[in-house]
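The structure appears right after this line, and notes come after that.
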Amino acid sequence: MQRIRLRYTKRGRLRFTSHRDFQRAFERALRRAEVPMAYSAGFTPHPRVSYANAAPTGTGSEAEYLEIGLAESRDPEKLRELLDESMPTGLDIIDAVEARTSGLADRLTASVWELRLDGVELAEAERAVTAFLAAENVEVQRRTKNGMRTFDTRGAVVSLEALPAPADRPLDSACAILRLVVRHLTPAVRPDDVLSGLRAVADLAPPVPSAVTRLAQGLFDEESGTVTDPLAPDREADTAAPPTAAVAADAKAPEGPAA
């Protein structure tokens with residue numbers, strides 16, 4: 001069985017797609033693209049698709065990941081193109097590699113998030129960030145399926161900074177950008193939890209809901225303080241590995257007659 005790891009996005013209005021909605025759209029794309037899926041054993045076989053750490057409904061993302069198992073080998077890039085053509089615009093398949101290492105989920109240890117705060121001045125956001133980072137603990141409450149739960153948000157935040165609004169924003173409209181790196185802990189600390197923490201320590205309360213986008217997720221590098229590409233180990237292993245049968249067949253295919 002060949003395993004392919006895919007990176008996909010949730011952009012624009014499709015950020016409001018739930019994880020279950022995405023699953024249905026992706027399974028339709030698999031059928032349209034005629035992907036030779038491998039199936040699980042048992043009385044109710046399912047296509048071998050594994051999703052990893054999906055973003056919450058309502059948040060955009062440039063870095064969602066999943067893995068599929070194939071009954072027949074395919075070239076990852078050609079497969080990516082076919083699937084991307086079969087997906088709705090906004091749910092875009094932007095990267096594909098053959099899985100040559102184990103533990104993709106184990107390499108998703110942190111995320112980089114961007115929060116657009118419309119109606120918030122940059123100076124106000126900077127004061128709130130300073131107060132948050134100076135605190136040892138910032139406890140917030142969130143309702144879970146087991147009721148209200150109190151947990152610390154400060155310990156999960158590796159970095160947090162306030163940035164000026166992008167150049168395309170109207171000059172007469174206040175807007176600040178928050179960029180944060182959050183470790184994936186248990187319980188998970190989400191961007192809206194950090195906003196609740198900023199409200200608790202600095203009374204920062206944006207007048208409208210913030211637009212949240214995950215820019216990256218992967219293994220957190222302690223030395224550089226960055227979030228690394230989780231598919232990089234597969235690419236590195238792929239350069240030293242022999243080509244799959246499908247790729248080798250493409251390479252050996254005879255060319256057509258010259259014009």
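We're numbering straight along the sequence, starting at 1.
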Closest contact, heavy atoms only, L70 versus I4: CD1-CG1, 3.9 Å
Salt bridge between R154 and D152, side-chain N to carboxylate O under 4.0 Å? no
Do S196 and R142 have side-chain atoms, one donor and one acceptor, less than 3.5 Å apart? no
State, with a plain yes or no, whether a side-chain heavy atom of L30 is found less than 4.5 Å away from one of V49. yes
Answer yes when R214 and E64 have at least one side-chain N-carboxylate O distance shorter than 4.0 Å, and no when they do not. yes
Basic-acidic side-chain contact under 4.0 Å: R235, D229: yes
Taking the ring centre of each residue, are F26 and Y8 less than 6.0 Å apart? no
Using modelled atom types and a 3.5 Å cut-off, is there a donor and acceptor pairing between side-chain atoms of T153 and backbone atoms of V138? yes
Do R11 and D92 touch side chain to side chain, with heavy atoms closer than 4.5 Å? yes
Is a side-chain N or O of R32 found less than 3.5 angstrom from the main chain of S86, in a donor-acceptor match? yes
Within the side chain of T226, is there an N or O that forms a donor-acceptor pair under 3.5 Å with the backbone of T228? no
Close side-chain approach of Q217 to P230, heavy-atom, < 4.5 Å: no
Identify which one of R107, R100, R3 satisfies the side chain to side chain donor-acceptor pair (under 3.5 Å) criterion when paired with D234. R107
Walk me through whether E62 and T9 qualify under side chain to side chain donor-acceptor pair (under 3.5 Å). CA-CA 5 Å; E62 294 295 313; T9 70; 5.2 Å; no
Counting C-beta onward and ignoring hydrogens, is there a side-chain heavy-atom pair between S159 and V181 closer than 4.5 Å? yes
So does E114 pair up with R116, basic N to acidic O under 4.0 Å? no
Between E81 and K78 (salt bridge meaning N to carboxylate O under 4.0 Å), is one present in this structure? no
Between D21 and T57, does the side chain to side chain contact (heavy atoms under 4.5 Å, CB included) criterion hold? Intermediate values first, please. CA-CA 10 Å; D21 290 336; T57 302; over 6 Å; no
